[in-house]
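Here the structure is laid out as structure tokens; the discussion comes afterwards.
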Amino acid sequence: MPRPISATISVPSLIHNLKTVTAQMGRPAVPAGSVTPRVWAVIKARGYGHGIEPAVRAFNRADGLAMLDLEEAVQCRQLGWTGPILLLEGFFEPRDLAVLDEYRLTTTIHTAEQLDMLNAARLSKPIDAFIKLDSGMSRLGFSPARFRDAYARAMGFVDRGLLASVGKMTHFARADDDAQVTRQQLDVFRQATQGLPGAVSVCNSAATLTPGLWAGVGGDDGQWVRPGICLYGASPFADRSAAQLGLRPAMTLASRLISVRTVAAGAGVGYGHVFIASKNTRIGIVACGYADGYPRHAVTGTPVTVDGVRTRLLGRVSMDMLAVDLDPVLHAQVGAPVVLWGEGGPSIDEVATAAGTIGYELMCAVAPRVPKVILEEKQT
Ligand SMILES: *Cc1c(COP(=O)(O)O)cnc(C)c1O
């Protein structure tokens, strides 16, 4: 029998989340006459750990796919995706441009070195590009002072048949927690791009789900939003759960009890004896540890579900195992199902919070040794 751990990826939940996010964009504070943005479904990091294949299948109703890895982009084409693909970091060296050309990939251009590489390139057909502005994230993009020059160089490439279209993009640093910083970034973006034609792309999940935000972005030549995390059923906000946003967990990490025992009052559990039983305590050992991607920093009390009953992690997470409190579920025996996060268990965000991290990191970190089970869309 294989070790009982698995990560179940629900294609129906991915589909549901894309629909939910798209529907919410049409809600309050959207002025009449605004054109709903098109959606790049962000599937970087192998679909936030869910796998490229299920992501491409689930998001086939999105307008485009966005990622960073060229191999993943090529895989999307091989899987039959014919729509736009945006490379969020663009290309890295001159020979990448042949891949962009062959597979018709849209590039981000965020640095002068990329403009130089493009300047020296030979393409069979012009490609599409978004010029990225650093509006306050201080990560990628041209400064507001340099943006117009970069844009003008890119427009020159249109005349030379290297680029087909030139759009404008930026990225928010605090769309999840500080509306004022986001407004400032948006002002910087508007000023730097004023009067320059082309499609616009600024919104990540948090901004996409902030009512009215995308409508204030403008983008007369069309706007693209770039939601990622919300499509996988985790919340981009610290103060609103995925369930409150109408999202469903797309990944369920589940395992089973492989041992149960009663430890006496005063006994320590696991490495470092970080948990010491204050009374005789029935505990279960779960086949899941940090080598599976469960966070080692999760503390005693981190929620976990055993046989459908919510209980808590006890002590330090080992490489291959962790201990749980069976006090609320005394009947649980070896073989009892355990949900670490996802459908029928705690949300990935709850576990992440207990481990001092975010859902993003946990979903990307599920180890290759954990078998993935793909739940397909029901045929109707
Ligand atoms: C990852 C990423 C996104 C998606 O962010 P989420 O917070 O997951 O919605 C959007 N744009 C860029 C440039 C990104 O790198």
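When a ligand or atom number is given, it counts from 1 through the structure's own listing order. No experiment lies behind these values; they were computed from the predicted model shown.
Using a 4.0 Å heavy-atom criterion, the residues that approach ligand 1 are Val42, Lys44, Tyr48, Leu88, Lys132, Arg139, His171, Asn204, Ser205, Arg226, Pro227, Gly228, Ile229, Tyr360.
The distance between the ring centers of His50 and Tyr232 falls below 6.0 angstrom.
Using a cutoff of 4.0 Å between basic side-chain nitrogens and carboxylate oxygens, Asp176 and Arg240 are not scored as salt-bridged. Using a 4.0 Å cut-off between charged side-chain N and carboxylate O, Glu376 and Arg57 make a salt bridge.
By the salt bridge (charged side-chain N to carboxylate O under 4.0 Å, His left out) test, Asp149 is found to be paired with no residue, residues two or more places apart in sequence or in another chain being considered.
Below 30°, between 30° and 60°, or above 60°: for Tyr294 and Trp341 the angle between ring planes is below 30°, a parallel geometry.
Other residues, nucleotides and ligands place no more than 12 heavy atoms under 6.0 Å from the CD atom of Gln191.
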